[in-house]
Number of protein chains: 2
Amino acid sequence: MSNPSKYLDDLIREFSKLPGIGTKSASRLAFHILNMAVEDTERLIDSIVSLKKNIGTCIICGGISDEERCSICRNESRDSGLICIVENARDVLTIESTGKYSGLYHVLMGLISPLDGIGPEELNISSLIKRCGSNDVREVILALNSTVEGDATTLYLAKILSNLGIKVTRIARGLPVGADLEFADCATIIKSIEGRVEL
Amino acid sequence: MSNPSKYLDDLIREFSKLPGIGTKSASRLAFHILNMAVEDTERLIDSIVSLKKNIGTCIICGGISDEERCSICRNESRDSGLICIVENARDVLTIESTGKYSGLYHVLMGLISPLDGIGPEELNISSLIKRCGSNDVREVILALNSTVEGDATTLYLAKILSNLGIKVTRIARGLPVGADLEFADCATIIKSIEGRVEL
């Protein structure tokens with residue numbers, strides 16, 4: 001394929017490196033950028049630069065923050081006795097998008113994975129233990145994905161946090177709302193039966 | 001949803017404006033940018049800036065080009081007697097990606113659309129007529145989409161180009177390769193029967 005522009009080629013290649021963007025989408029995006037007003041392109045570039053320059057990590061929960069403490073940790077109307085443990089900062093946004101959780105968060109910044117050389121020391125766990133020891137934390141919810149690493153991390157944290165006398169829970173596994181039993185996989189069905197609730 | 005970073009919010013909003021990118025993809029991209037190495041982000045930004053600054057229009061075909069004449073129009077091994085007419089510069093790349101077309105192109109930069117106030121004068125048609133009149137053009141292939149505007153433009157161009165004594169063809173409409181008759185729509189089946197070829 002003889003592409004008539006090196007610059008277009010370059011941008012398509014850069015876009016293709018982003019997650020979920022194949023060559024066709026990258027080409028579509030590059031042509032869109034080509035036809036965009038200069039101000040709009042500048043706004044996009046400024047957003048990227050500002051993000052890389054200004055964003056930091058909250059010293060309390062480890063989530064992303066523009067200031068020393070993130071807006072969630074600063075918010076006094078939230079329930080400081082409840083901490084939800086997530087793998088990464090993005091999971092905070094996912095749970096926040098429901099608008100139904102009013103506790104705080106703690107971001108592990110990864111999962112225990114001996115194969116990749118990631119032990120508990122590499123994660124944001126010591127500050128969690130400190131938080132749980134000094135504050136009025138009454139419950140910790142483990143909201144990690146159910147992968148081998150996620151389950152290992154869940155078990156590890158459940159053990160050390162229980163020793164501190166804190167109630168430790170895990171988010172429910174079962175059939176997604178609106179899903180059909182017929183199309184569910186075996187593991188999900190087993191989890192949904194094991195985790196059945198009384199009516 | 002209380003997003004802990006204004007900068008992240010800004011970038012997610014800018015990404016959401018791009019075609020084919022919803023809020024979830026935009027959020028995924030923004031987090032990817034957040035975790036990207038600074039050099040990689042700079043390379044992405046440089047590509048956008050270079051594209052906007054350096055890319056131009058080929059004075060012959062109207063396609064995109066880094067120089068006065070695009071690499072396709074400059075290429076003397078291509079068949080200059082054959083011109084494929086497309087709606088926009090992106091269609092050139094789509095046809096080039098097959099690697100099977102060796103003629104030249106002409107980019108209309110739009111389609112005739114009286115409702116939007118776009119007549120033949122607004123399109124890159126006068127230079128096409130000049131090209132067809134002065135050069136050794138023997139055939140013009142119309143490769144416009146089969147929308148109301150595409151068909152109107154095809155008919156308009158077929159009429160004026162035939163008057164110049166040039167052979168005018170249109171790309172075939174029919175069943176896509178590998179498609180099943182059972183799932184084809186009526187219009188496509190009708191076109192495929194009308195356009196049947198002798199074996």
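Here the structure is a predicted model, which is why all the values come from computation and not from measurement. Quick note on labels: first sequence line is chain A, next is B, and so on, each numbered from 1.
Note that CZ of A:R28 and CD1 of B:I21 are 8.5 Å apart. Values are rounded to the nearest 0.5 Å. Here NZ of A:K52 is found 4.0 Å from OG1 of B:T41. Values are rounded to the nearest 0.5 Å. Note that CG of B:D9 is 8.0 Å distant from CG of A:L93, once rounded to the nearest 0.5 Å. The NZ atom of B:K6 lies 13.0 Å from the OG atom of A:S65; values are rounded to the nearest 0.5 Å. The line from CG of A:L8 to OG of B:S47 is 10.5 Å long, rounded to the nearest 0.5 Å.
Using a 4.5 Å cut-off between heavy atoms, A:I95 does not touch chain B at all. For chain B, no part of A:S25 is nearby; none of its heavy atoms comes within less than 4.5 Å.
Note: the hydrophobic cluster containing A:L175 does not contain A:F183 (ILVMFWY, side chain heavy atoms under 4.5 Å, direct or indirect links). Under a hydrophobic clustering in which Ile, Leu, Val, Met, Phe, Trp and Tyr are joined whenever their side-chain heavy atoms come within less than 4.5 Å, directly or via other members, B:I189 and B:I171 fall into different clusters. With hydrophobic clusters built from ILVMFWY side chains whose heavy atoms lie under 4.5 angstrom apart, A:V168 does not share a cluster with A:L155. Criterion: ILVMFWY side-chain heavy atoms under 4.5 Å apart, direct or through other members. Under it, B:L111 and B:V148 are not part of a common hydrophobic cluster.
Contact of the B:I64 side chain with the A:F31 side chain is registered, since non-hydrogen atoms from C-beta on lie closer than 4.5 Å.
Heavy-atom neighbours of chain A within the stretch residues 53-62 of chain B, taken at a separation under 4.5 angstrom, comprise B:N54, B:I55.
Heavy-atom minimum distance, B:H32 versus A:L18: CD2-CD2, 3.6 Å. Pairing each heavy atom of B:R90 with each of A:K24, the nearest pair is NH2-O, 3.8 Å. Nearest heavy atoms, B:L29 versus A:P19: CD2-O, 3.8 Å. The shortest non-hydrogen separation linking B:E14 to A:D40 is OE1-O, 4.3 Å.
Interface remark: of the candidates B:L44, B:L51, B:I33, B:L51 forms the most heavy-atom pairs closer than 4.5 Å to chain A. Counting heavy-atom pairs under 4.5 Å between each of B:E42, B:R43, B:R13 and chain A puts B:R43 at the top. When A:D10, A:V38, A:I48, A:D46 are compared by the number of non-hydrogen pairs under 4.5 Å with chain B, A:I48 comes out ahead.
In B:K167, the NZ atom is not crowded: 12 or fewer heavy atoms of neighbouring residues, nucleotides or ligands sit closer than 6.0 Å.
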